[in-house]
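Down below is the structure, laid out as structure tokens.
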Amino acid sequence: MDLLDNYKKAWENQPEDTNKVSSIEIYKLAQSRSSSIVKWIFIIGILEFVILNSLYFIVDMDEAMIEYRKLGIESFVFYSQIAAYIILFYFLWMFYQNYKRISAIESTKTLMKKILKTRKTVRNYVLFNLGYITLLMIVTTIAKVTTNLNDYSNKQLLILILVTTIATLLFLGVVWLFYQLIYGILLRKLNRNYKELAKLDSTN
């Protein structure tokens with residue numbers, strides 16, 4: 001049981017004519033913990049961005065672009081990546097802004113709203129990443145099939161589509177589990193803070 005739980009239990013069980021633990025102290029602890037969680041969301045987002053982009057030094061991107069050029073989707077990949085970077089920078093900025101705002105809030109209801117906004121931002125961030133990966137894999141598969149259409153029989157084409165679909169779903173599943181492991185834990189803690197604040201607000 002952490003410090004906030006101890007304060008909450010003491011506050012709920014204290015006699016009405018005493019003031020051993022005030023609701024303000026509980027609020028400050030919830031605010032501090034929420035601020036710390038959102039800070040870690042921001043830090044993890046930065047680390048994820050840096051690590052993923054470090055792969056460019058490991059993977060031969062020139063070879064990949066040559067393959068995209070053969071498939072006729074080089075321009076699509078290039079411009080979609082630019083758009084993706086802009087959107088990712090936007091999300092990182094939002095993570096930082098959420099952290100700053102939660103750290104400076106002095107109202108229980110406002111803090112609850114910011115917690116909800118942070119959860120929504122993280123959810124949209126995860127959905128965007130999964131959506132972009134899905135779009136890129138679908139476009140690549142369609143381009144590959146279209147470019148080599150005459151080289152495939154109907155049976156081979158069906159197998160290719162089936163295998164690609166399964167591989168895409170498995171890959172997305174792994175990515176989703178990664179996000180659930182990393183961000184899911186933090187969001188569950190943030191959600192717990194929200195519930196504590198809601199209960200605190202209802203008793204005032």
Side chain to side chain donor-acceptor pair (under 3.5 Å) against N124, all qualifying residues, sequence neighbours excluded: none

Set of residues satisfying side chain to side chain donor-acceptor pair (under 3.5 Å) with respect to T141, sequence neighbours excluded: none

Minimum side-chain heavy-atom gap Y179-R123 below 4.5 Å: no

Any R33 side-chain heavy atom under 4.5 Å of R192 side chain: yes

Identified side chain to side chain contact (heavy atoms under 4.5 Å, CB included) counterpart of I41 within the set Y99, F95, Y96: F95

Shared hydrophobic cluster, F89 / V126 (ILVMFWY, side-chain heavy atoms < 4.5 Å): yes

From CA spacing to verdict: side chain to side chain contact (heavy atoms under 4.5 Å, CB included), F42, N98: CA-CA 9 Å; F42 172 65; N98 288 336; over 6 Å; no

Rounded distance (nearest 0.5 Å) linking atom OH of Y183 with atom CZ of R188: 14.5 Å

Contacts of type side chain to side chain contact (heavy atoms under 4.5 Å, CB included), residue I133, not counting sequence neighbours: M137, F171, L172, V175

Verify same cluster id: I138, L130 (apolar side-chain graph, 4.5 Å): no

Spacing of CD belonging to E48 relative to CZ belonging to F91, to within rounding of 0.5 Å: 11.5 Å

Rounded distance [0.5 Å steps], NZ in K120 versus CG in L187: 14.5 Å

Residues clustered with F78, ILVMFWY side-chain links under 4.5 angstrom: Y79, I82, I86

T118: side chain to side chain donor-acceptor pair (under 3.5 Å) partners, not counting sequence neighbours: none

Approximate separation, where rounding is to 0.5 Å, of T121 OG1 and K114 NZ: 9.5 Å

Approximate separation, where rounding is to 0.5 Å, of T168 OG1 and L136 CG: 10.0 Å

Straight-line distance of I73 CD1 to K144 NZ, nearest 0.5 Å: 11.0 Å

Test side chain to side chain contact (heavy atoms under 4.5 Å, CB included) applied to L88 - qualifying residues, sequence neighbours left out: F49, Y125, F128, N129

Those residues that, when tested against L169, pass side chain to side chain contact (heavy atoms under 4.5 Å, CB included) (two or more places apart): T165

Those residues that, when tested against Y132, pass side chain to side chain donor-acceptor pair (under 3.5 Å) (two or more places apart): S80

L158-V163 co-clustered via ILVMFWY side chain contacts under 4.5 Å: no

Residue pair Y68 / T140: nearest heavy atoms and the distance that separates them: CE2-OG1, 4.1 Å

Salt bridge (Lys or Arg N to Asp or Glu O under 4.0 Å) partners of R69, counting only residues at least two apart: E74

W93-L47 co-clustered via ILVMFWY side chain contacts under 4.5 Å: yes

Side-chain touch R119/N191, heavy atoms, less than 4.5 angstrom: yes

Minimum heavy-atom distance between L71 and A143, given as atom pair plus value: O-CB, 3.7 Å

Non-neighbouring partners of I166 that pass side chain to side chain contact (heavy atoms under 4.5 Å, CB included), sequence neighbours left out: L162, L170

Nearest non-hydrogen partners of I46 and L92, listed with the distance: N-CD2, 3.8 Å

Side-chain heavy atoms of I44 within contact of L186, under 4.5 Å: yes

